[in-house]
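Letters go in sequence order (proteins before strands), and every chain restarts at 1.
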There are 2 protein chains.
Amino acid sequence: MLRAVLTRPAPDELAEFLAEALRDGGAVVQVAGELEVFYSGRAASVAEAGDYLLIVKPDGSVQVHGPRGVKPLNWQPQTDDVRVTCEDGVAVLVAERFTPPETLRVGFVAPEFAQAFELKDGGSFVLLGTEAEMQAALASDPSVIEPGLTLVDLELPTDVGGIDLLARDASGALVVVELKRGRAGHEAVHQLARYVESVRSVWPGAVRGILAAPAVTAPALNRLGALGLEFREVSALPGPKQETAVQDALF
Amino acid sequence: MLRAVLTRPAPDELAEFLAEALRDGGAVVQVAGELEVFYSGRAASVAEAGDYLLIVKPDGSVQVHGPRGVKPLNWQPQTDDVRVTCEDGVAVLVAERFTPPETLRVGFVAPEFAQAFELKDGGSFVLLGTEAEMQAALASDPSVIEPGLTLVDLELPTDVGGIDLLARDASGALVVVELKRGRAGHEAVHQLARYVESVRSVWPGAVRGILAAPAVTAPALNRLGALGLEFREVSALPGPKQETAVQDALF
DNA sequence: GTTTCGATATCGGTT
DNA sequence: AACCGATGTCGAAAC
């Protein structure tokens, strides 16, 4: 799996190593050490020489990491072309995308080590607690939102976007439901308001709006009230009992 | 810089290595090989055993990468606690955050290699083409948006959010300007519409709304027209001449 | 600590 | 290819 490791490689040595590892495909390539990074495309950036970790994945995606944080300092999503050259005695990697046109350029000023290794496509991955999952759960049992609620439609398109969930309440009024998997802010309130307004413009009867989320920020709740809309607390993850079971199983 | 490398370490060997490298601080720790990953917090996920690359940075941030994409399969922003144990003959890393409460758990089923290396805080980093930069440029010379325009205020708070740029046109009308550094979609149009509406409710005179961005989607442009608002093309990066100069300098 | 907002957002689905 | 919306968004600044 670990294909090769170079320590403090010379520029031409590094260039050759990278060229081969990248040509081959299928390998994750890393270089750590003193690098300088230039980016130009949607924006532009310059990182002076400093300690960074470069990672090139088999799909051509590139990332340059500093010592902190999940997000790379510089990156390039799946690239169309990755080249390695040697310029003025320094190995240089150039990663290019065409749409949008972007170029990332990494100069290996003082590489400490370089390595390449395989990373086969892994096993299954399951994520719970997405908005899509919430939607499915509430669609199959709308009474979780409110007793007497019946489903009318999902992702109903309006002229201002798709309504997450449209239902009818016990009194026959239409209910527009906006879902958020996390704490809802005022943007969610505005979305809901737009949908409700849109439905009212084509529906003569009563129309209610409900924001369904695990929590809501105080300002958003205020605005919701001011607009005559409602909030309903709904958990993103399965109920407490099941959640505990899942956690017990995992930890 | 490269502190240590282990190849196909035994569970207890790996556990000891990780514990020491993490206790020490200041090092980036990597493990590649067959891993299984469990996450529970805002959501929950399970990744069956597969080939992944684990990276733990000195700040306690953790990421697990698969063979594709810039985004990790699983991650944990700056954690409050990272522990390593050996359970049932398998080394396990547990990274925990308290706010929000989240736990990431990585089991090293068949580690291929593990390593630790230093990554000192790097040199300077400069990013061009941000919205903040656009705002500053347009504030210092509003005539770029429209001849005769004069600045009134920046980031003016309304009851529905902050207005990027407020100006007055040659005829004395107030102009609400919404900035986007990339292609603007209908969400930007709705934001602008809200701001304009808010200003009109407190200002008796004429109020115009301008969406200033490098580009706009067709549906957004339609909606903009329907609402009586305007679009003005503004580049995020410095002008073509300067941009060329920057690119020439870099590439 | 909470809230808000930008981001080279990335990524996937749909048209 | 463009568009749209979710994201365990992350991360920083303002409050």
Side-chain angles (χ1 to χ4, degrees), chain A residues 37-45 59 61-64 68-78 97-104 127-135 155 157 160-162 164 178-188 191 214-222 236-237, chain B residues 37-45 59 61-64 68-78 97-104 127-135 155 157 160-162 164 179-188 191 214-221 236-237:
Chain A
V37 189
F38 307 101
Y39 159 75
S40 177
R42 289 166 291 175
S45 73
D59 66 348
S61 61
V62 180
Q63 34 198 318
V64 179
R68 288 189 299 230
V70 169
K71 286 188 58 175
L73 177 82
N74 268 117
W75 69 92
Q76 190 82 290
Q78 192 168 3
R97 296 172 81 187
F98 301 138
T99 53
E102 293 190 303
T103 307
L104 183 67
L127 179 64
L128 306 173
T130 60
E131 189 180 303
E133 209 186 16
M134 273 180 80
Q135 192 182 36
E155 294 298 341
V160 290
D164 284 341
E178 171 68 21
L179 293 179
K180 285 296 160 204
R181 71 159 307 287
R183 175 170 281 235
H186 60 62
E187 206 52 48
Q191 256 183 58
V216 62
T217 65
L221 187 58
N222 289 339
L237 284 164
Chain B
V37 189
F38 307 100
Y39 159 76
S40 178
R42 288 168 289 174
S45 73
D59 65 348
S61 61
V62 179
Q63 36 199 314
V64 179
R68 286 187 304 222
V70 169
K71 280 187 61 176
L73 177 82
N74 267 118
W75 67 92
Q76 190 79 291
Q78 193 168 359
R97 294 172 84 188
F98 301 139
T99 54
E102 293 189 302
T103 307
L104 182 67
L127 179 65
L128 306 173
T130 59
E131 187 179 304
E133 209 187 14
M134 272 179 82
Q135 191 183 39
E155 295 296 343
V160 289
D164 285 341
L179 293 179
K180 285 297 161 203
R181 70 159 308 288
R183 176 171 281 236
H186 60 66
E187 206 52 48
Q191 252 183 59
V216 62
T217 67
L221 187 58
L237 285 163

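Considering all non-hydrogen atoms of both residues, B:Y39 and B:L104 come closest at CB-CD1, 3.9 Å. Here the shortest heavy-atom pairing between B:N74 and B:S45 reads ND2-OG, 3.2 Å. Annotation for A:Q191 and A:E178: closest pair OE1-OE2, 2.9 Å, computed over non-hydrogen atoms. Among all heavy-atom pairs drawn from A:S61 and A:D59, the shortest one is OG-OD1, 2.7 Å. Closest approach of B:L237 to B:L128, counting heavy atoms only: CD2-O, 4.0 Å. Between B:A220 and B:A184, the shortest heavy-atom distance links the atoms CB-O, 4.0 Å.
Atom CZ of A:R68 has 12 or fewer neighbouring heavy atoms from other residues, nucleotides or ligands inside a 6.0 Å radius. When the shell of 6.0 Å around CZ of B:R42 is examined, it contains more than 12 heavy atoms from other residues, nucleotides or ligands.
Nucleic acid contact class of B:A218 (heavy atoms, under 4.0 Å, all strands): sugar-phosphate only.
If you take atom P in D:dG8 and the same atom in C:dC5, they sit 22 Å apart, rounded to whole Å. Remark: the separation of the P atoms in D:dG5 and C:dT8 is 22 Å, to the nearest Å.
By the 4.5 Å heavy-atom criterion applied to side chains, A:Q135 and A:E155 are counted as neighbours.
Contact footprint of chain B on DNA chain C: nucleotides with an atom under 4.0 Å from a non-hydrogen protein atom, first to last in 5' to 3' order, C:dC5 to C:dC11.
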Please encode protein proximity along nucleotides 4-12 of chain D as a string of B, S and -, counting only heavy-atom distances under 4.0 Å.
SSSSBSSS-
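With rounding to the nearest 0.5 Å, the separation of CD in A:E102 from CD in A:Q76 is 4.5 Å.
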Quick test: give all pairs of protein nitrogen or oxygen and nucleotides 13-15 of chain D nitrogen or oxygen below 3.5 Å, distance rounded to 0.1 Å.
none

